[in-house]
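All remarks here apply to the structure that follows.
Proteins get letters first, then strands, A, B, ... in listed order; numbering begins at 1 in each. These numbers come from the heavy atoms of this one structure, side chains and all, not from hydrogens, waters or symmetry mates. In this text, all values refer to a predicted model and were calculated from it rather than measured experimentally.
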Amino acid sequence: MLNMAIEKTKTPPKKPGLKSNIARLLRYTLARGLVLIITVIIGVYLAIIIANGGGYVDDIRKGQIKEQVGLRVMADESVRDLNHVEKKEYEERLYQLELERLNLDRPFWARSHEYLINGLTLNLGRAEYLLSDSGSRQVRDILGERLFPTLLLMATGQLLLFFISITFALFLSRRYGSVIDKIVVALAPTSAAPAWFFGIFLILLFAAVLGWLPFGGMVSAPPPSNRFLYALSVLKHMILPVSSIVVSSVFITSYHWRTFFLIYSSEDYVEMAKAKGLPSSVIERRYVLRPTLPTIITSFALTLISLWTGAIVLETVFSWPGIGRLTQQAINMFDTPVIVATVVVYAYLLAITVFLLDIIYAVVDPRVKLGVEGNKS
Amino acid sequence: MRGIINAFSEIKKYPSAVAGLILIGLLIILAIYTLITIPYSEAVRLWRGGDAIWIETPRNARPAWMNFFYKEKQPLTIVLKSSENPDLKTVTDYDGFSTSDIEFEFDYQYDGFPSELSIFFKSKFKSARPFVTLKWITPDGREIMFTDMTLRHSESYRISQDSKLTNKLGGVFPEKALFADPKNPDAVLKGTYRLVVEGLLFEEESSIDADLIVYGKLHGLAGTDHLRRDITVALLWGAPVALAFGLLAAVGSSLATMVLAACSVWYGGWVDTVIRRINEVVMILPLLPILIMVGMFYSRSIWMMLGVTILLGIFGSGILSYRSMFLQVKSSGYIEAAKAYGASNKRIIFRYMIPKVIPVLIPQFVTQIPSYVFLEATLAVLGLGDPVLPTWGKLLNDAYSQGALFTGHFYWVLEPAVLLVITGLGFAMVGFALDRIFNPRLRGL
């Protein structure tokens, strides 16, 4: 998905109009979307196979059926007079019939497509232990509640990271060899540690020792009733997790991008622009940033993929009520349906991230063409 | 090959890489030392042994060296055993019964109060249980009676948890009240304390032994955790585990990735298509959630995790960058020449294509190690650490679930964290320097 279809056109293209550009973009978007949907389907299918390797998905459904049958037998007037053993037999017969009706007696591979559809639509039934804040047991409700905090935190962190890194990298490439440049190069190896790891240190410093910021959570308890104060409280709780996202990756990304900028700013056409006497801000924007953006977006996409994965622990460390924290809670309570569902949600989130970056890539890079496969060295 | 050796000798020019190599060297020495002094089975026994092994260490104690920084010196644990020191015991025989008195005496010169007080009795008898009374004598001569009790074969008396005693001492916990200066209840009365155990034995063969443990607030090099376990064990064992996990995962995934990328480029066609489609799917698969599922449904063993990590890592993002490198290699002249003299596919891939790319592999491989080391820690923090082995990540997990940051037990979080940072930095610094050495384009930058 990150290998964009690039082809250097041999004949100089006619100046494309806006209309054809949009059409090209639309076609590209559609095609990429289709490929990604197929990829997600395969990914979810794999996840279900892994989960079912231990027979757990079957167990979820069988457990639910058993519960339903049990309830039905209990409510059934006609069997009230039967004794305990007969009742159990009756229940067992109903259970077996129900299994047959739902094809659960057939081998796994023959009905895996049902799981796939249920998985893709997140129709995974009820959680075993976890409840949503509104009290619902439906996995979909629980996930829906947790999605927004995760998106809020990650989107803020990722956007800030991108813009801070790109301005910082441009700044550094201008000050190549200065003290601050050397400091960033020296600090780049620190990015080996994931965001949650920096989170621990930030909590230690700003929450435990200095006491300026909260240890974790999303709003202060009790939540303020005023909408403005509520937002302010959320903002305050976001400072530490967002900073750990930014701090964990900003040095390595700005180091890499600054290196790109330096390599590209020694190209002939940049020298030419300088000779023309263009102001340096224009040179940066038009002659350095433009050609490097596609590469930068690709490298940023890889950073994002690792960030999404790291989010699970980041949210755990900061008690942020998102999908990641939900995953951790589900692990502790061994809540199988929720765990399978979080895997699917993360696959979706990754796919959407990649999809958005693909589109941005296509907008930025005019060479991107649809359906051209071949040597892309 | 000569080129690679030359490149390594060039490392000397990069001070950060030298520092990184020193850090890695120290870690390897630490790991080897650990494997020699604490074998695997011993580590598992120590970490999983529970109360029986760690009865003589305090709970949540800070490292002992922290006393250097404290103005008020905190106590270390004092252990007195009558079984190892027969002088403490005086046995007198009477008609039909005997007395066995044990007198513990210790000098207490710390400024802080102990964290806990306990006595553990071991007694021998056939049917008549021995009877003991306990008396505490402070340096200024006050005598405080504890409870009387009849002993079973093995009896523990946790003085700190005796609520009757606490009431008798005016609602102040025994570990504080017993050591407090009567004029200033917040200060310790320094001097020689005595605990006298007066035992009555009703049988000829009967005997009593007692261990007095005055738990301190500091312990050992690294302190202890909530289960009284010495953290040093986990810190030491974390080193070989982290190194093994990081190295194996990095070697396994990068070598296999390279071979696959080479095959993909060389054979082209459907091989190439299949490998690239798999890569696309794997990129969407979220590694951590998959590992979580595997950990939950199959096995939490560190080797299982390692296997899945490598498997997913093989088809990860690395394959794309290797692919583009191999595409360049494939079009170079010497490959044409090899084809012309009729070299086999295997020969071309393993003798001509892969060696060409190895210089690029080395820095990537070194920089990958820390990310795998942190992956192990990440899994452990989520509660999916190896079930038996102590690791740095499991320490962090324990510390976190016990709220170490809230309760001020910073040492518990900082010690494994610092070791993780050292490992991460060591490999990353060497990797960055190697990257510049092997990629001449970056050299001046």
Q) Okay, side chain of A:T316, backbone of A:I312: is any donor-acceptor separation there less than 3.5 Å? A) yes

Q. Okay, side chain of B:Y400, backbone of B:V381: is any donor-acceptor separation there less than 3.5 Å?
A. no

Q: Look only at the side chain of B:N397 and the backbone of B:A380, and say whether a donor-acceptor pair between them is shorter than 3.5 Å.
A: yes

Q) If you count heavy-atom pairs under 4.5 Å between each of A:I38, A:T353, A:V343 and chain B, which one has the most? A) A:V343

Q.
Side chains of B:S253 and B:Y372: any donor to acceptor distance under 3.5 Å?
A. yes

Q. Can A:F197 and A:F201 be said to form a ring pair (Phe, Tyr, Trp, His ring centres under 6.0 Å), step by step?
A. CA-CA 7 Å; A:F197 195 73; A:F201 284 100; 5.4 Å; yes

Q: Return yes if some donor-acceptor pair links the side-chain N/O of B:K330 with the main-chain N/O of B:V265 below 3.5 Å, else return no.
A: yes

Q. Quick one: what part of A:A188 sits under 4.5 Å from any heavy atom of chain B, side chain, backbone, both or neither?
A. both

Q. Considering only heavy atoms, which portion of A:I323 lies under 4.5 Å from any heavy atom of chain B: side chain, backbone, both, or neither?
A. neither

Q) Under a 4.5 Å heavy-atom cutoff, which of A:P194, A:G324, A:A330 has the most pairs with chain B? A) A:P194

Q) Quick one: what part of A:V35 sits under 4.5 Å from any heavy atom of chain B, side chain, backbone, both or neither? A) side chain

Q.
Please classify the contact between B:L414 and chain A as side chain, backbone, both or neither, with a heavy-atom cut-off of under 4.5 Å.
A. side chain

Q | Modelled atom types, side-chain donor and acceptor of A:W196 and B:T378, under 3.5 Å | A | yes

**Q.** Largest heavy-atom contact set with chain A, pairs under 4.5 Å, which of B:A377, B:G383, B:S371, B:G424
**A.** B:A377

Q.
Donor-acceptor pair, distance only, cut-off 3.5 Å: does the side chain of A:Y348 make one with the backbone of A:L120?
A. yes

Q: Please look at B:L384 and chain A and tell me whether the side chain, the backbone, both or neither of the residue comes under 4.5 angstrom of a heavy atom of that chain.
A: side chain

Q. B:Q368 and B:S254: side-chain donor and acceptor closer than 3.5 Å?
A. no

(Q) Can you tell me which portion of B:V373 sits under 4.5 Å from chain A's heavy atoms? Options are side chain, backbone, both or neither. (A) neither

Q. Chain B: which of A:A193, A:S191, A:A186, A:A207 shares the most heavy-atom pairs with it under 4.5 Å?
A. A:A193

Q. Tell me, side chain or backbone of A:L46 under 4.5 Å from chain B's heavy atoms, or both, or neither?
A. side chain

Q | B:F374 versus chain A, the contacting section by heavy-atom distance below 4.5 Å | A | both

**Q.** Contacting region of B:L396 [heavy-atom separation from chain A under 4.5 Å]
**A.** side chain

(Q) I'd like to know which of B:A417, B:S16, B:P370 tops the heavy-atom pair count under 4.5 Å against chain A. (A) B:A417

Q. Any side-chain heavy atom of B:M429 within less than 4.5 Å of one from B:L23?
A. yes

Q: Can you tell which part of A:T190 gets under 4.5 Å to a heavy atom of chain B, answering side chain, backbone, both or neither?
A: both

Q: With a 4.5 angstrom heavy-atom cut-off, could you sort out which part of B:L382 is near chain A: side chain, backbone, both or neither?
A: both

